[in-house]
Number of protein chains: 2
Amino acid sequence: MSKIGALGYALLCVLHKGPLTGYEILQRMRKPVGYYWTAPQSQIYPALARLTEQGLIDHDEEPGPGPRPRKTHRLTPAGRDALSAWLTQPAEPPAPRDETILKTYAQLAADPGGMSTFYQGEIVRLRNQLADYQAQRDALIGTGAEEPDHPAFGAYATLTLGCRSLPVRIEWCEWLVAQMAHRRPRPD
Amino acid sequence: MSKIGALGYALLCVLHKGPLTGYEILQRMRKPVGYYWTAPQSQIYPALARLTEQGLIDHDEEPGPGPRPRKTHRLTPAGRDALSAWLTQPAEPPAPRDETILKTYAQLAADPGGMSTFYQGEIVRLRNQLADYQAQRDALIGTGAEEPDHPAFGAYATLTLGCRSLPVRIEWCEWLVAQMAHRRPRPD
DNA sequence: TTGCTCATGTAAGAAGTTACATGATTCA
DNA sequence: TGAATCATGTAACTTCTTACATGAGCAA
């Protein structure tokens, strides 16, 4: 059997709570799951076809709104087994690719005023993200999602990480704004 | 002129402090820069060739140890301009791909004991990473790198972020280990 | 003589991005 | 009438990963 790949497992994860259409998966890849895993539409449909071929998911078909049938995908027992086996295996540390930190490393090659504006923009973006995370987390509090056996506990836990790590990053940007004020304007 | 791409800018960043050979760049992509940007060897050499074609870097050649000449690359004025212009532009939020958080989302589909072991493994890995960051950051303290005009300030600032954000993540994993102890073992 | 470091490159394939394409229904 | 939502797919392209390939000098 051919191997699955991170995207395949991501789709199995999204399906772990129940059947969804490709379109619904796509939406989850924006809203709750998209905070830690994303994939564009063009990747999702071929990947679903591969997983179906591998017997890890299957689907019902109904006549859809467009020219093609609407498919509702669900995990097969084999898919559920593959998922649960993968979940407990150590995650390989991801290749980090963070443009903001990269820019910070080379920050001396740019004008301090420009960098300050850059970090201020980051702060705005991060604060908006934090507000979004907090709103969603607040909506879960009191629903039982804080209990680890609750179906929404996974979502609650991921939002908790976001709500704790974003402030650290915001403070770091604020510190850098302050530091930029102490830099001399470009000595060439 | 063709466009540059994130990898190209990453290479310009690595070269901002002075000339390096491809091999040296490769090492930076493991050690100081690799914490927030990585690229394998097979990507670096073609990318350097592209940047050279675009006139953003150039190089000296000396006879090398192997069959090919050893090249020492440096930023051209055009390269330095391209870099400094890019640095101050807002960074597009990166497509997040974090296996650990993804696993947490679907955590209910696995055995709590297995997940607990998983998070304990993460804790070990993160603690080692933190120790590494702290050692490198400590080595910079007292050298003047804390001043924003110092050539090592960029490295100092990136390490500072690592030293502040890793503990948050470690605590989160510890919290999850505790939560897993409260989960009922899988009803199959 | 086996393996490591220095030093550069290529090839094949997987994964990810951007854009195109269809077509019904609903809402302003 | 025009845009958004639902719903599925393909094509072309770029980027990233894994593996191969060469070869000198040095150390155990």
Side-chain angles (χ1 to χ4, degrees), chain A residues 2-11 14 19-31 33-34 36-54 57 59-73 92-99 102, chain B residues 2-11 14 19-31 33-34 36-54 57 59-73 92-99 102:
Chain A
S2 66
K3 68 162 215 200
I4 299 178
L7 172 61
Y9 284 113
L11 295 175
V14 177
L20 294 171
T21 67
Y23 189 79
E24 288 169 323
I25 292 175
L26 186 64
Q27 286 170 93
R28 303 289 188 288
M29 285 295 190
R30 294 218 188 82
K31 206 54 185 290
V33 179
Y36 34 93
W37 203 275
T38 29
Q41 185 252 29
S42 65
Q43 252 191 309
I44 288 172
Y45 289 102
L48 287 170
R50 270 198 305 277
L51 292 172
T52 304
E53 238 177 79
Q54 291 169 90
I57 58 176
H59 58 263
D60 291 332
E61 290 193 14
E62 302 162 87
R68 277 174 274 254
R70 177 188 135 107
K71 297 176 184 174
T72 303
H73 305 272
E92 51 209 298
R97 251 164 223 128
D98 191 315
E99 227 177 273
L102 181 62
Chain B
S2 66
K3 69 162 212 197
I4 300 178
L7 172 62
Y9 285 113
L11 295 176
V14 177
L20 294 170
T21 67
Y23 189 79
E24 288 169 323
I25 292 175
L26 186 64
Q27 288 171 93
R28 303 289 188 288
M29 284 295 190
R30 295 218 189 83
K31 207 53 186 287
V33 179
Y36 34 92
W37 203 276
T38 29
Q41 184 251 33
S42 64
Q43 252 191 311
I44 288 173
Y45 289 102
L48 286 171
R50 270 198 305 279
L51 291 173
T52 304
E53 237 176 80
Q54 291 169 90
I57 58 175
H59 58 261
D60 290 333
E61 291 191 16
E62 305 162 86
R68 276 175 275 255
R70 177 189 134 107
K71 297 176 184 174
T72 303
H73 305 271
E92 52 209 296
R97 247 160 226 133
D98 192 314
E99 228 177 89
L102 181 61

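Since the model is a prediction, treat every value here as computed from it, not as a measurement. Basis for what follows: all heavy atoms, side chains included, without hydrogens, waters or symmetry-related copies. Letters go in sequence order (proteins before strands), and every chain restarts at 1.
- C:dA7 atom P lies 12 Å from atom CZ of B:Arg28, rounded to whole Å.
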Practice task
Evaluate the side-chain contact (heavy atoms from CB on, under 4.5 Å) criterion for residues A:Val33 and A:Ile25: first the C-alpha distance (whole Å), next the side-chain angles of each, then the deciding distance (0.1 Å), finally the verdict.
Solution key: CA-CA 9 Å; A:Val33 179; A:Ile25 292 175; over 6 Å; no
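- Computed from coordinates, the A:Leu48 CG to D:dT10 C1' distance equals 15 Å when rounded to whole Å.
- Each end of the helix from C:dT1-D:dA28 to C:dA28-D:dT1 gets its own axis, taken as the rotation carrying the C1' atoms of four end pairs onto the next four within a five-pair window, and the two axes meet at 30° to the nearest 10 degrees.
- B:Glu24 meets the side chain to side chain donor-acceptor pair (under 3.5 Å) test with B:Thr21; sequence neighbours excluded.
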Problem - side-chain contact (heavy atoms from CB on, under 4.5 Å) between A:Ile57 and A:Leu11, intermediate numbers included - result: CA-CA 10 Å; A:Ile57 58 176; A:Leu11 295 175; over 6 Å; no
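- Here the closest heavy-atom approach between residue A:Pro19 and residue A:Thr72 is recorded as CB-CG2, 3.7 Å.
- Of all non-hydrogen atoms in B:Thr38 and B:Met29, the two that sit nearest each other are CG2-O, 3.3 Å.
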Exercise for the section: Before giving the answer on side-chain contact (heavy atoms from CB on, under 4.5 Å), spell out for A:Leu20 and A:His73 the whole-Å C-alpha distance, their side-chain angles and the decisive distance to 0.1 Å. Expected result: CA-CA 5 Å; A:Leu20 294 171; A:His73 305 272; over 6 Å; no
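- A close approach under 4.0 Å does occur between a side-chain nitrogen or oxygen of A:Lys71 and OP1 or OP2 of D:dG9.
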Distances under 3.5 Å only, N/O to N/O: pair up the protein atoms with those of nucleotides 22-28 of chain C.
unit_1	atom_1	unit_2	atom_2	d
C:dA24	O4'	A:Pro65	O	2.8

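- Residue side chain A:Thr21 does not reach the base of D:dT8 through any donor-acceptor N/O pair under 3.5 Å, judged by distance alone.
- Between A:Glu61 and A:Pro69, the shortest heavy-atom contact is OE1-CG, 3.4 Å.
- Of the two residues contacting DNA chain C, namely B:His73 and A:Leu7, the nearest-nucleotide position lying further toward the 5' end is that of B:His73.
- Per the geometry, CG belonging to A:Leu26 stands 13 Å off P belonging to D:dG9, to the nearest Å.
- Remark on DNA chain C: of its neighbouring residues B:Thr72 and A:Thr38, the 5'-side contact belongs to B:Thr72, judged by nearest-heavy-atom nucleotide.
- As a whole-Å value, the separation of B:Met29 CE from C:dT8 C1' is 17 Å.
- For B:Arg70 and D:dG23, the shortest distance from a side-chain N or O to OP1 or OP2 is not below 4.0 Å.
- Within 4.0 Å (heavy atoms only), A:Ala95 reaches sugar-phosphate atoms of the nucleic acid but no base atom.
- For B:Ser42, counting side-chain heavy atoms from C-beta on, the closest listed nucleotide (D:dA7, C:dA11, C:dA19) is C:dA11.
- Contact annotation: side chain of B:Gln41 to base of C:dT8, donor-acceptor pair present below 3.5 Å.
- Between A:Arg30 atom CZ and D:dA4 atom P the separation is 14 Å, expressed in whole Å.
- Candidate nucleotides D:dT8, D:dT17, C:dA7 were compared by shortest atom distance to the side chain of A:Tyr45, and D:dT8 ranks first.
- Residues A:Asp98 and B:Trp37 approach most closely at N-CE3, 3.6 Å, considering heavy atoms.
- Across the protein-nucleic acid pair, B:Trp37 atom CH2 and D:dC16 atom C1' stand 11 Å apart, rounded to whole Å.
- We find that CD of B:Gln43 is positioned 15 Å from C1' of C:dA12, with the value rounded to whole Å.
- Between B:Leu51 and B:Gly8, the shortest heavy-atom distance links the atoms CD1-O, 3.8 Å.
- Residues A:Leu7 and A:Ala47 come closest through the heavy atom pair CD2-CB, 3.8 Å.
- Residue B:Arg97 contributes atom CZ, which lies 6 Å from atom C1' of C:dG16 at whole-angstrom precision.
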